[in-house]
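Quick notes on the structure that follows.
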Amino acid sequence: MRKNIVAGNWKMNTTVPEGLELAKEVNAAVAAATPKCDVIICVPFTHLVPVAQAIDTNKLGLGAENCADHAKGAYTGEVSASMVASTGAGYVILGHSERRQYYGETSETLREKVALALQNNLKPIFCIGEVLEERENGTYNDVVRKQVEEGLFNLSAEEFGNIVLAYEPVWAIGTGKTATAEQAEDMHAFIRSVIAEKYGKEVADNTSILYGGSCKPSNAAELFAKPDVDGGLIGGASLKCEDFMGIVSAF
Ligand code: 13P
């Protein structure tokens with residue numbers, strides 16, 4: 001059966017010393033708490049090596065926030081999936097709305113990134129979600145279906161088994177405006193049905209689908225109580241150990 005997961009996305013926050021301190025704090029809290037879900041932190045590239053050395057990655061998963069769409073070579077400034085894997089990280093966030101919106105990521109580049117991540121034994125945390133206009137004009141299911149189909153449905157069922165999905169309505173990210181638990185559940189159930197159409201019910205039932213967007217200790221329990229919400233991808237609240245662990249303990 002699918003796993004419950006709480007993953008932090010630190011985005012472009014913290015210096016290396018600050019991040020190292022936060023990672024150590026979370027590592028100690030996870031060791032002390034024996035959480036009822038997998039806990040992962042996704043950190044800036046610069047932080048991966050020192051954080052991997054400072055935490056117990058068997059108990060606290062480590063991920064990057066992106067990787068390149070090429071395997072290696074003359075791509076100045078890029079960081080490849082094999083480089084990420086060589087740090088000790090086991091996950092990579094791909095297709096975050098901030099990357100789609102500000103860095104022009106398309107389904108085409110994302111298919112390359114997903115393939116490279118999988119080749120390097122990284123589990124992609126693949127983000128999807130509609131913008132406010134699409135929520136308001138009622139096209140949100142179509143938008144999310146297209147993101148899932150275009151980004152992932154070239155994978156075999158076996159490959160798809162390594163994907164974690166994160167539904168992040170763009171209008172809820174960093175806005176303080178959370179989707180209601182009902183809105184999240186409706187979308188998560190819809191996403192699961194789209195996966196079932198393609199790969200069958202077993203694969204769909206085994207896929208973890210996380211919710212992201214202004215998730216915090218005060219609303220996590222209500223969201224996670226929904227049958228198709230398998231955890232959260234946490235931005236702002238992952239930058240404070242107490243808040244992050246407050247969300248982890250919602251399970
Ligand atoms: P916030 O939790 O800050 O809204 O960010 C959500 C997010 O984008 C996680 O990837």
Side-chain angles (χ1 to χ4, degrees), residues 4-14 18-19 22-23 26 37-45 47-48 60-67 84 89-103 105 110 113-114 117 122-132 134-135 140 143-144 147-148 151 163-181 183-184 187-188 191 208-224 226 229-251:
N4 290 325
I5 300 170
V6 171
N9 173 11
W10 289 5
K11 308 193 179 184
M12 197 172 73
N13 292 296
T14 74
E18 288 163 356
L22 175 58
V26 174
C37 61
D38 284 6
V39 185
I40 302 165
I41 50 175
C42 297
V43 306
F45 290 132
H47 299 35
L48 286 169
L60 174 60
L62 177 63
E65 301 172 13
N66 182 28
C67 73
V84 170
Y91 299 86
V92 60
I93 295 173
L94 292 175
H96 193 280
S97 61
E98 288 149 17
R99 300 237 32 113
R100 293 178 189 259
Q101 190 180 347
Y102 307 140
Y103 300 96
E105 287 195 353
L110 287 170
K113 293 186 181 203
V114 169
L122 294 172
K123 281 193 196 307
I125 301 174
F126 191 86
C127 303
I128 50 189
E130 80 284 359
V131 300
L132 183 61
E134 294 157 346
R135 171 57 58 174
Y140 48 93
V143 168
V144 170
Q147 289 171 337
V148 173
I163 303 290
V164 174
L165 279 167
Y167 168 58
E168 300 205 307
V170 179
W171 47 271
I173 295 178
T175 57
K177 198 177 161 189
T178 320
T180 64
Q183 284 173 323
M187 179 58 90
H188 285 223
I191 294 166
S208 297
I209 308 177
L210 315 184
Y211 167 80
S214 299
C215 189
K216 42 190 184 263
S218 58
N219 59 26
E222 195 188 348
L223 286 158
F224 298 172
K226 293 293 178 190
V229 178
D230 307 312
L233 182 57
I234 318 300
S238 72
L239 294 169
K240 267 201 188 153
C241 183
E242 195 187 335
D243 290 348
F244 188 55
M245 292 310 293
I247 295 170
V248 168
S249 65
F251 275 116

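As the structure is a computational prediction, the values presented were derived from the model and not from experiment. Ligands are counted one by one from 1 in listed order, and the atoms in each one are counted from 1 as well.
Here's the thing with Asn9: one of its N/O atoms is less than 3.5 angstrom from an N/O atom of ligand 1. Some N or O of Glu168 is nearer than 3.5 Å to an N or O of ligand 1, by distance alone.
Taking every non-hydrogen atom of Ser214 and a distance limit under 4.0 Å, the qualifying atoms of ligand 1 come out as 1 (P), 2 (O), 4 (O). Per-residue contacts place Lys11 under 4.0 angstrom from the following atoms of ligand 1 (heavy atoms of the residue considered): 5 (O), 6 (C), 7 (C), 8 (O). Close contacts of ligand 1 with Gly236, meaning ligand atoms under 4.0 Å from a residue heavy atom, involve 1 (P), 2 (O), 3 (O). Interface atoms of ligand 1 facing Gly213, defined by a heavy-atom separation under 4.0 Å, are 4 (O), 6 (C). Which parts of ligand 1 touch Ala172 is read off a 4.0 Å heavy-atom cut-off, strictly below it: atoms 4 (O).
Aromatic ring orientation, Trp10 versus His47: perpendicular (interplanar angle above 60°, classes split at 30° and 60°).
The shortest heavy-atom contact between Thr14 and Leu239 is CG2-CD2, 4.3 Å. Contact between Phe244 and Ala7 at its shortest, heavy atoms only, is CE1-C, 4.0 Å. Of all heavy-atom pairs between Leu223 and Ala184, the closest is CD2-CB, 3.9 Å. Between Phe45 and Ala64, the closest heavy-atom pair is CE2-CB, 3.9 Å.
In summary, the side chains of Glu134 and Trp171 do not present any donor paired with an acceptor at a separation below 3.5 Å, with no hydrogens or angles considered.
Using a 4.0 Å cutoff on heavy atoms, Ala237 does not count as a contact of ligand 1.
The residue from Glu105, Gln101, Glu168 that alone fulfils the side chain to side chain donor-acceptor pair (under 3.5 Å) condition with His96 is Glu168.
In this structure, of Gly174, Gly235, Gly232, the residue bringing a heavy atom nearest to atom 4 (O) of ligand 1 is Gly174.
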